[in-house]
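Read through the structure below, which is laid out as structure tokens, and then see the notes.
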Amino acid sequence: MCDSRQVYDRLDIATNKPSPEAMRQVRYHLVGIADPRATYTAFEFVEAATGAIAGIAARGKLAIVEGGSMLWADALTEGFSLAGVEPRPQRRAELEQLPVEELSGLLYRLDPEAVVDTRNPVRLIRAIEILEVAGPPLARRRTRRPPAWTPVRIGLTADLGTIDKWLAERSRDQLARGLVEETRAALAFGVPPDAPVLTGIGYAEAMMYINGEVALEDLAGVMARSNRRYARRQLRWLRRNPAITWFDATANPVPRILEFLQEQRL
RNA sequence: GCCGAGGUAGCUCAGCUUGGUAGAGCACUUGACUGAAAAUCAAGGUGUCCCCAGUUCAAAUCUGGGCCUCGGCA
């Protein structure tokens with residue numbers, strides 16, 4: 001599973017984890033394996049997924065990488081180096097206090113040639129973090145070495161009206177299944193409000209409700225809107241990749257996907 | 001019916017005092033993305049400024065009338 005929210009333990013509803021029945025039928029990897037109070041990174045995912053894929057292949061099975069975390073998927077299938085420098089939370093906290101102008105000034109003192117979005121604090125802080133540990137130039141740290149296996153990229157899509165309808169239904173369903181209670185339980189367990197899992201769609205909105213910023217009757221609509229925006233962002237990311245073969249998700253796409261894989265001699 | 005507040009972008013609203021190219025946030029569309037990525041950042045379009053008349057070189061802005069909404073009083 002290539003999903004930056006399903007990796008976390010305890011938060012099941014709005015992360016859209018597979019049902020217990022589904023988990024019994026198929027062996028899933030990388031679902032619920034991480035402490036929700038911490039941050040699980042793209043690098044950790046690539047390492048774990050690479051190991052899981054090797055294990056699956058060793059058992060003579062075909063690995064399926066499923067999910068919507070685009071950077072994670074590309075990092076895995078394209079073999080991004082991810083710079084080879086670990087995050088340093090304490091230094092990040094210091095840098096977060098600085099205005100973007102100072103961050104970009106600091107960046108260019110470390111590496112005048114650095115190519116970074118100079119108005120994006122998250123990007124600037126990461127670039128500074130890499131340069132402070134590894135030194136310039138930044139560009140040298142960002143390489144790609146594709147994996148030994150060959151990915152077959154499959155995209156599922158539907159017309160936007162259908163996607164929007166599904167997302168609205170799913171948002172209502174998640175609330176009915178106890179999303180707010182699950183969010184409260186996570187907070188009580190000690191998951192920080194700014195932990196990645198609680199910034200995910202569904203939990204972010206549930207927190208707004210808990211903080212009195214949105215009414216209960218508006219919650220499903222606000223969730224659906226966040227989902228719509230993200231679905232479009234995912235489609236935009238995927239659209240640029242010419243290696244993807246697309247299938248219509250409105251009818252059961254599995255038979256045609258299997259046919260397609262046969263043609264690929266897999 | 002009377003009193004008060006209001007009517008400007010899809011939504012919430014600023015601008016009106018002192019007339020001079022109609023704005024912000026959100027939404028939407030597009031783009032960026034190499035250890036936070038469901039995060040983060042950027043660019044872009046959007047208008048009977050409720051209607052009619054008047055004043056004026058010029059009205060969202062000033063004046064008069066009308067319509068509508070909300071609140072209070074009856």
Side-chain angles (χ1 to χ4, degrees), chain A residues 1-8 11 13-17 34 36-50 67-89 91-93 95-96 100 103-104 114-134 137-146 160 164 167 170-171 174 179 192-208 213-214 218 221-241:
Chain A
M1 186 65 78
C2 174
D3 192 300
S4 67
R5 296 300 186 269
Q6 290 187 31
V7 280
Y8 296 107
L11 287 298
I13 295 172
T15 56
N16 298 299
K17 283 183 188 161
R37 294 166 297 194
T39 299
Y40 192 88
T41 67
F43 180 85
E44 290 168 281
F45 163 74
V46 171
E47 281 210 312
T50 300
S69 296
M70 300 308 164
L71 174 67
W72 289 23
D74 284 358
L76 175 67
T77 57
E78 312 283 345
F80 288 174
S81 62
L82 300 172
V85 173
E86 277 182 50
R88 293 186 297 159
R91 181 62 177 144
R92 285 187 182 187
L95 292 171
E96 272 164 22
V100 280
L103 289 172
S104 56
V115 178
V116 178
D117 180 351
T118 54
R119 283 180 292 191
N120 187 332
V122 171
R123 291 282 139 66
L124 286 167
I125 288 169
R126 175 59 184 157
I128 290 165
E129 182 174 70
I130 293 166
L131 289 166
E132 286 182 339
V133 171
L138 182 67
R140 183 174 222 121
R141 312 297 307 177
R142 302 200 286 217
T143 59
R144 50 176 78 184
R145 184 189 299 171
L160 288 176
D164 292 349
L167 293 173
R170 194 178 74 182
S171 298
Q174 288 172 345
L179 169 60
D194 61 346
V197 73
L198 290 184
T199 66
I201 295 167
Y203 299 109
E205 290 78 13
M207 301 257 286
M208 287 168 70
E213 293 159 25
V214 62
D218 298 331
V222 174
M223 285 170 62
R225 189 176 63 195
S226 295
N227 275 299
R228 282 198 298 273
R229 197 171 47 229
Y230 185 55
R232 283 156 177 74
R233 215 145 71 74
Q234 288 177 311
L235 287 170
R236 262 184 263 132
W237 182 298
L238 294 170
R239 238 184 264 147
R240 294 175 313 172
N241 190 336

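This structure is a prediction, so every number in the text was calculated from the model and none was measured. Lettering of chains follows the sequences in order, A, B, ..., and the numbering in each one begins at 1.
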Please report the C-alpha distance between A:Arg170 and A:Asn16 in whole Å, then the side-chain angles of each, then the deciding distance to 0.1 Å, and finally whether the side chain to side chain contact (heavy atoms under 4.5 Å, CB included) criterion is met.
-> CA-CA 9 Å; A:Arg170 194 178 74 182; A:Asn16 298 299; 3.3 Å; yes

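- With a cut-off of 3.5 Å on both pairing distances, the Watson-Crick or G-U wobble partner of B:rC2 is B:rG72.
- The separation of B:rG25 from B:rC2, taken at their P atoms, amounts to 42 Å, rounded to a whole angstrom.
- Between the P atom of B:rC33 and the CG atom of A:Leu235 lies a distance of 18 Å, rounded to the nearest Å.
- Atoms CG and CZ, from A:Asp218 and A:Arg225 in turn, are 9.5 Å apart once rounded to the nearest 0.5 Å.
- Straight-line distance from the CG atom of A:Asp218 to the P atom of B:rC11: 16 Å, rounded to whole Å.
- Along RNA chain B, the nucleotide closest to A:Arg232 and the one closest to A:Arg119 are compared, and the more 5′ of them pairs with A:Arg232.
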In the 5'-to-3' direction, what one-character label does each nucleotide of nucleotides 34-40 of chain B receive under the scheme B = base within less than 4.0 Å of a protein heavy atom, S = sugar-phosphate only, - = no such atom?
-> BBBBBBB

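- On the C1' atoms, B:rG54 is 40 Å away from B:rG44, given to the nearest whole Å.
- Proximity of A:Arg225 to the phosphate of B:rC28: no side-chain N or O atom is located under 4.0 Å from OP1 or OP2.
- Nucleotide B:rA37 forms no Watson-Crick or G-U wobble pair with any nucleotide shown, as no partner meets the under 3.5 Å limit on both distances.
- A cation-pi arrangement is absent between A:Arg233 and A:Trp237 under the rule of less than 6.0 angstrom and at most 45 degrees off the ring axis.
- B:rA42 and B:rG47 have their C1' atoms separated by 25 Å, with the value rounded to a whole Å.
- As rounded to the nearest Å, B:rC62 and B:rG19 have P atoms that lie 10 Å from one another.
- One C1' atom belongs to B:rC49, the other to B:rA22, and the distance between them is 8 Å to the nearest Å.
- For the C1' atoms, the distance linking B:rA14 with B:rU61 amounts to 14 Å, nearest Å.
- In this structure, A:Arg239 reaches the sugar-phosphate backbone alone: every heavy-atom distance under 4.0 Å involves primed, P, OP1 or OP2 atoms, never a base.
- Residues A:Arg140 and A:Ser81 have side chains that never bring a donor and an acceptor to within less than 3.5 angstrom of each other.
- Under the Watson-Crick or G-U wobble criterion, with both distances below 3.5 Å, B:rG23 is paired with B:rC13.
- A donor-acceptor contact closer than 3.5 angstrom links the side chains of A:Thr41 and A:Glu44.
- Side-chain polar atoms of A:Thr118 and A:Ser104 form no donor-acceptor pair below 3.5 angstrom.
- If you take CZ of A:Arg236 and P of B:rU29, they are 7 Å apart, rounded to a whole angstrom.
- Nucleotides B:rA53 and B:rC67 have their C1' atoms positioned 15 Å apart, rounded to a whole Å.
- Under the 30°/60° scheme for interplanar angles, the aromatic rings of A:Phe45 and A:Trp72 are found to lie parallel.
- Rounded to whole Å, the separation between the P atoms of B:rU8 and B:rU30 comes to 29 Å.
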